[in-house]
Amino acid sequence: MTPHSLETLAFDNSYARLPEVFYAKVNPTPFATPPSLISANRAAMELLDLDPSEAMRPEFAGVFGGSLLVPGMEPLAMLYSGHQFGVYVPQLGDGRAILLGEVKNERGERWDLHLKGAGMTPFSRDGDGRSVLRSAIREYLCCEAMHGLGIPTTRALCLIGSDDKVYREQIETGATIVRMAPSHVRFGTFEIFYYRKQHEHLQRLADYVIEMHFPHLAQAPDKYVRFFAEVVERTAKLIAQWQAVGWSHGVLNTDNMSILGLTLDYGPYGFMDDYDPGFICNHSDYNGRYAFNQQPYIGLWNLSCLAQTLLPLAPKEELKAALDGYQTTVDRHYHDHMRSKLGLVAERADDEALLQELKSLMVGSRVDYTIFWRELGTFSSGPGASNERLREHFLNPERFDAWALQYRDRLQSEQSRDEERRVRMDRVNPKYILRNYLAQGAIEKAQQKDYSEVERLLTLLQQPYVEQPGMEAYAAAPPNWGKHISVSCSS
Ligand code: AMP
Ligand code: MG
């Protein structure tokens, strides 16, 4: 394969071929100051068959900083609505993001190039259409961190900075990030046509999504229900993965729910440090609607909003039956993940109790979630082993000892071998996650135009399960200042 240049990217813009009710055609608004490259993600460039050396051309920052178009791009802002914090908002849409076009790579995969921070669109409402460097870095790094963890997510192609001033709580600078996904259609894309009673558009959207992204269902007589059932399944699996890794989406509104079951729209989000089921990562979420332990339920709530929009297309009873499977799917996947995190191979009825007791111990001692699971891989099941390092995490080590005896028995019941188990556990218990304070360090340096930390974190987080010599400090618990960084919706 000859890699493409920017000018020869293979565009195939299926969304732009839909009727104009689905979007508004609009070009990015260039920054007043010249955009410059902060970081390009080689792995994502490869998905586009784009030659990695293209990132070095000034045109790269031009195109992905919103001041240049290349042949084949047909920029548009997608229309959608959604339920925000439980309340229906009749019109949202891409207020600061622009779909530049869809690239089809040689393997036949489609990738939306979605430029966030691209300037005003007809859907900007009171916003300025911009993103600040801080939030662009957070999204850029987390997309790739989640991908590294094996969690479905939009990908990030590049991060471009400018010296343009953007006004938030303080004056910041504007930046863009290019997100990639096979589609950026959201639950809210369905909601807008349902609530506007434009059922022909709703059906067109459903047919389009099925044809492009669920082609195996296209000929099925009950394709809408089966499509919905697959969205339920994907969403359930996704949220189970978030729960297992200790991650929360801070604004789990229906407009931020991907129809493909991807993690989408990283505003306030967070990996928990200390284990705390009530963890709220968005400091504007006063009632904890999107608290960590609420996320599975919110997934169901959002899916029921989606089901409602499909009522004109599918029988209510069948949609309801699909929805009824949600909780079981979340539980099944969550328990599968947690069993692997414990290093267990077989499935036993009392594993749930073993896990519950461990979680209750962790809450009581505010144990660092990620560090503990990683260290659990070193558990010695030999007779008389004290597992001193693990027990030090707990305020009540005797209660941990009691748990450790049960765990040891459980391991022995399946002839678990310590060394083998550790290798397995290291593949599911990450060493490196994007803690808030690490992102904050990269942001503060980048605001001084030192982008080295962004690059270092990108490389580190793309392989979160692998020991990376010299990088141990990045696996440490946050220092005190880094524990309570508040992340708001302002971005
Ligand atoms: P979000 O909370 O980022 O998911 O955004 C919710 C809605 O507000 C979407 O329609 C966004 O496009 C829009 N929005 C957020 N920030 C801005 C901004 N600075 N300018 C214009 N629209 C925005
Ligand atoms: Mg959003």
Side-chain angles (χ1 to χ4, degrees), residues 22-24 26-29 31 66 75-100 112 114-140 142-143 153-154 156 162 164-181 183-192 195 248-270 280-286 289-290 295 298 302 305-306 487-491:
F22 289 86
Y23 52 80
V26 55
N27 285 348
T29 309
F31 288 117
L76 58 87
M78 297 166 81
L79 176 67
Y80 54 83
S81 63
H83 280 82
Q84 296 193 313
F85 288 88
V87 179
Y88 185 64
V89 181
Q91 189 189 299
L92 294 162
D94 288 333
R96 56 162 162 180
I98 289 178
L99 175 60
L100 295 171
D112 281 4
H114 211 248
L115 181 64
K116 190 163 174 183
M120 303 244 280
T121 76
F123 312 129
S124 296
R125 297 176 295 155
D126 299 330
D128 58 5
R130 294 300 182 194
S131 293
V132 296
L133 178 61
R134 160 177 57 87
S135 68
I137 291 175
R138 284 177 52 84
E139 179 149 16
Y140 183 72
C142 203
C143 284
T153 175
T154 55
S162 84
D164 278 28
K165 290 190 172 67
V166 174
Y167 298 87
R168 295 292 182 263
E169 283 91 349
Q170 63 278 25
I171 300 176
E172 302 186 48
T173 56
T176 57
I177 163 186
V178 179
R179 297 191 299 203
M180 298 180 9
S183 171
H184 282 75
V185 169
R186 302 142 192 272
F187 290 10
T189 321
F190 286 80
E191 288 180 282
I192 194 159
Y195 287 103
S248 291
H249 193 305
V251 196
L252 210 41
N253 294 334
T254 56
D255 52 306
N256 292 337
M257 295 289 291
S258 151
I259 203 71
L260 301 183
L262 307 173
T263 313
L264 170 71
D265 268 12
Y266 294 82
Y269 64 77
I280 301 169
C281 65
N282 173 1
H283 101 135
S284 321
D285 181 9
Y286 309 109
R289 179 179 170 89
Y290 299 139
Q295 306 236 322
I298 291 294
N302 290 342
C305 291
L306 179 65
V487 184
S488 72
C489 275
S490 124
S491 57

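Whatever order the structure lists ligands and atoms in, that order sets their numbers, starting from 1.
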Visitor: Which of the numbered atoms in ligand 1 are below 4.0 angstrom from a heavy atom of Ser124?
Guide: 21 (C), 22 (N)
Visitor: On a heavy-atom basis, I'd like to know which of Asn253, Asp128, Leu92, Leu79 is closest to atom 19 (N) of ligand 1.
Guide: Asp128
Visitor: Can you tell me if an N/O/S atom from Asn256 lies under 2.8 Å from the Mg ion (ligand 2)?
Guide: yes
Visitor: Which atoms of ligand 1 are found less than 4.0 Å from any heavy atom of Arg125?
Guide: 7 (C), 8 (O), 10 (O), 13 (C)
Visitor: Quick check on contacts: which atoms of ligand 1 are under 4.0 angstrom from a heavy atom of Asp265?
Guide: 4 (O)
Visitor: Nearest heavy atom to atom 21 (C) of ligand 1: which of Gly95, Ala77, Pro268 does it belong to?
Guide: Gly95
Visitor: Do any non-hydrogen protein atoms sit less than 4.0 Å from atom 1 (P) of ligand 1?
Guide: no
Visitor: Do Arg130 and Phe31 form a cation-pi contact, if we require the NZ or CZ to be under 6.0 Å from the six-membered ring centre and within 45 degrees of the ring's axis?
Guide: yes
Visitor: With a heavy-atom distance limit of 4.0 Å, tell me whether Asn256 approaches ligand 1 through its side chain, its backbone, both, or neither.
Guide: side chain
Visitor: Tell me if the aromatic rings of Tyr140 and Tyr266 count as close, with their centers under 6.0 Å from one another.
Guide: no
Visitor: Would you mind listing which atoms of ligand 1 come within a distance below 4.0 Å of any non-hydrogen atom of Gln84?
Guide: 6 (C)
Visitor: Tell me which part of Arg130 gets within contact of ligand 1: side chain, backbone, both or neither, using heavy atoms under 4.0 Å.
Guide: backbone
Visitor: Are Ser81 and Tyr88 close enough, and set up right, to give a side chain to side chain donor-acceptor pair (under 3.5 Å), and what steps lead you there?
Guide: CA-CA 8 Å; Ser81 63; Tyr88 185 64; 2.6 Å; yes
Visitor: Should Gly93 be counted as touching ligand 1, given the test is an N or O pair under 3.5 Å?
Guide: yes
Visitor: Salt bridge or not for Arg179 and Asp265, using N-O below 4.0 Å?
Guide: yes
Visitor: Could you tell me, atom by atom, which parts of ligand 1 come under 4.0 Å of a heavy atom of Tyr80?
Guide: 9 (C), 10 (O)
Visitor: Looking only at protein heavy atoms, identify the closest one to atom 20 (N) of ligand 1 and say how far it is in Å.
Guide: Gly129 N, 2.8 Å
Visitor: Decide whether Arg138 and Ser131 meet the rule of one side-chain donor and one side-chain acceptor closer than 3.5 Å.
Guide: no
Visitor: With the threshold set strictly below 4.0 angstrom, can you tell me whether any protein non-hydrogen atom sits that near atom 5 (O) of ligand 1?
Guide: no
Visitor: Give the residue and atom name of whichever protein heavy atom lies nearest to atom 23 (C) of ligand 1, and the separation in Å to one decimal.
Guide: Arg96 CG, 4.0 Å
Visitor: Counting only heavy atoms, which portion of Arg168 has something under 4.0 Å from ligand 1: side chain, backbone, both, or neither?
Guide: side chain
Visitor: Do any of the N/O/S atoms of Asp265, backbone or side chain, fall under 2.8 Å from the Mg ion (ligand 2)?
Guide: yes
